[in-house]
Amino acid sequence: MGLDFTIIPGYLDIILLGCLWTIAITAAAALLSFFGGILFAVMALYAPAVIRWPFKVIEFVFMGTPLLLQLFLIYFGLVQIGIDLPAFVAGVIGLGLHFAVYNSELIQTAILSVDKGQMEAARTLGLSRGQALRKVVVPQAVRAVIPPIGNNMIALLKDSALVSVIGVSELTLSAQRAIGATYRPFEFYLLAAAFYYVINLGMEWVQRRIERRISLSR
Amino acid sequence: MSTDQTHLTDFVQIRHAQKAFGQLEVLKDISLNVARGQIVAIIGPSGSGKSTLLRAINDLDPLTGGEIWLDGTQVNKSLPHRQYEKHINQMRQEIGMVFQHFNLFPHMTARENVTMAPKMLKGLSNEAADALAEEQLQKVGMLERIDYYPSQLSGGQKQRVAIARALAMKPKLMLFDEATSALDPELVDEVNQVMKKLAEEQMTMIIVTHEMDFAAAVCDRVLFMDQGVVVEEGPPEVIFKRPEKERTRAFLRKHLENAP
């Protein structure tokens, strides 16, 4: 039997809906990973030890274990201690924290490589260390690592397929459902792959726009 | 003893300043008074401690001994950590500083560089901050570049914006740490012109510099430092024309065209 793409139109609505969920979960998790990454980085570098160490543990857990396992823990595990999260929320938290840890590593290095004259100039004007970090050092550090953070965000998009296992009807699960009804895995997986690629292009476009906006101020 | 009334002569007081990194003594018991509106140049070979002294005045490099006073308030008061942070942030608002490498904030325009601290620390409204930025950038001749980023400016222009940024906090005292040393020779003059203008406006200034001609033209007093001590001080016509100490003469021979 050959490929038959004529069956696709009948399931396009499910697949497109899946696309929307993938975009939604990726966008929400990307935002969480970005701001979480900044928070983790500042904590890791400047918080007192009592706060820093619990963060180190979180960091270790999220870097050292499979994302799939983390999603299971958050979605199925937390129920046992009375935290029953909707699948979408569990997915956003899992993906978001996982990539926040990776972003944090990038941002920490970038913060340390901001010229120390920047902190001095800000302190000389009368800013506290916290104010200087917030207005002067961290914004520069984040600008410097926008390209590698962008790479992380593309990895996040691809790993968002994992949340299908906790029942979020994103693109991969939608494709599986269409396959379940038609027994045409090749066509629908190819279609899903094509849509991932398109979303990916969209993300790269957004990243380029952000880079262009900040290129002057570097 | 230390008093809170400010005489004309002791607007800025450095009393027995000492600084040591372990065994290495960088500042050895330095005292200096600067009157309101006075301009003092600190000259000396590199490693003489002149930048360290300047950076001690706003506590960027804290002293290990001695006191700094500005307008009747001790800058490096001994206070519990939290209170000290509040105190020093307050004091630093009154002490402008200009660095050799400008240290402009690269992610902000000239306008934002100037207005950031006043907005944040003095609660200026956007309108008031914009007016302030225009006023200060006008003063340093950078009004046409108000919305440029530092990467779009020359070194001399950056330094002028940095001076405007410091002036925007309305400081009582300005510190210049080799403000023209990193500039191409043809850009030095535009910065010197701005500093001269400040001198005419009676701004109190302490200037670490390698430019003897500028020091001679603008300053009321010159300090020659070497190896952590003030070797000689006096009015520029004395220090540059008739210095008493051999060390001063030796230094000037290297740095002046027609040295004494």
Side-chain angles (χ1 to χ4, degrees), chain A residues 34-35 37-38 41-42 45-52 106-150 207 209-218, chain B residues 54-55 57-61 81-82 84-110 112-122 147-153 158 161-162 164-171 173-175 177 182:
Chain A
F34 180 72
F35 292 105
I38 293 173
V42 173
L45 292 175
Y46 302 105
V50 264
I51 303 173
R52 203 163 63 232
L106 292 170
I107 295 167
Q108 281 179 50
T109 316
I111 286 176
L112 293 176
S113 59
V114 170
D115 184 76
K116 83 180 196 336
Q118 293 291 311
M119 176 60 94
E120 283 186 352
R123 296 303 309 268
T124 300
L125 291 165
L127 272 69
S128 69
R129 193 164 77 151
Q131 289 170 325
L133 278 174
R134 183 156 54 86
K135 291 295 272 193
V136 175
V137 177
V138 171
Q140 288 181 54
V142 170
R143 278 173 170 77
V145 288
I146 289 291
I149 285 181
Q207 189 189 336
R209 287 199 51 143
I210 294 172
E211 278 176 37
R212 199 172 311 149
R213 275 197 62 171
I214 63 170
S215 65
L216 259 186
S217 51
R218 287 275 292 280
Chain B
L54 195 75
R55 290 163 56 88
I57 294 172
N58 63 1
D59 205 46
L60 272 187
D61 275 344
H81 178 73
R82 249 161 218 265
Y84 184 72
E85 280 296 304
K86 261 185 104 167
H87 162 75
I88 196 67
N89 290 338
Q90 200 62 44
M91 291 303 302
R92 282 174 177 158
Q93 293 188 29
E94 302 182 346
I95 307 174
M97 186 162 197
V98 176
F99 299 86
Q100 182 178 0
H101 296 288
F102 332 125
N103 297 349
L104 280 184
F105 307 132
H107 58 304
M108 298 181 193
T109 61
E112 290 162 344
N113 266 280
V114 173
T115 57
M116 187 269 284
K119 272 178 159 173
M120 196 163 195
L121 302 172
K122 297 184 171 175
D147 288 317
Y148 282 46
Y149 283 98
S151 59
Q152 299 168 299
L153 302 175
K158 282 184 201 170
V161 173
R165 174 176 72 178
L167 292 175
M169 291 304 286
K170 313 276 181 194
L173 165 69
M174 285 287 284
L175 309 174
D177 191 4

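Hydrogens, waters and symmetry mates play no part in the numbers below; they use all other heavy atoms, side chains included.
Residue B/Phe105 touches chain A through both its backbone and its side chain, counting heavy-atom pairs closer than 4.5 Å. Only the backbone of B/Ile95 comes within less than 4.5 Å of a heavy atom in chain A; its side chain stays farther off.
Between the A/Gln118 side chain and the B/Leu104 main chain, a donor and an acceptor come within less than 3.5 Å of each other. Although no hydrogens or angles enter the test, the distance criterion places a donor-acceptor pair under 3.5 Å between the side chain of B/Asn103 and the main chain of A/Gly117.
From B/Glu85, atom CD reaches atom CZ of A/Arg123 across 5.0 Å, with rounding to the nearest 0.5 Å. Expressed to the nearest 0.5 Å, how far CE of A/Met119 lies from CG of B/Leu60 amounts to 11.5 Å. Considering CZ of A/Arg143 and NE2 of B/His107, their distance stands at 5.5 Å, rounded to 0.5 Å.
Evaluated for a side-chain contact (heavy atoms from CB on, under 4.5 Å) with A/Leu125, the options B/Met97, B/Arg165, B/Met120 yield exactly one hit, B/Arg165.
For the pair B/Gln93 and A/Gly126, the tightest heavy-atom approach, listed with the atom from each and the gap, is CG-CA, 4.0 Å.
Annotation: side chain of A/Leu127 is in contact with side chain of B/Met116 (closest heavy-atom distance under 4.5 Å).
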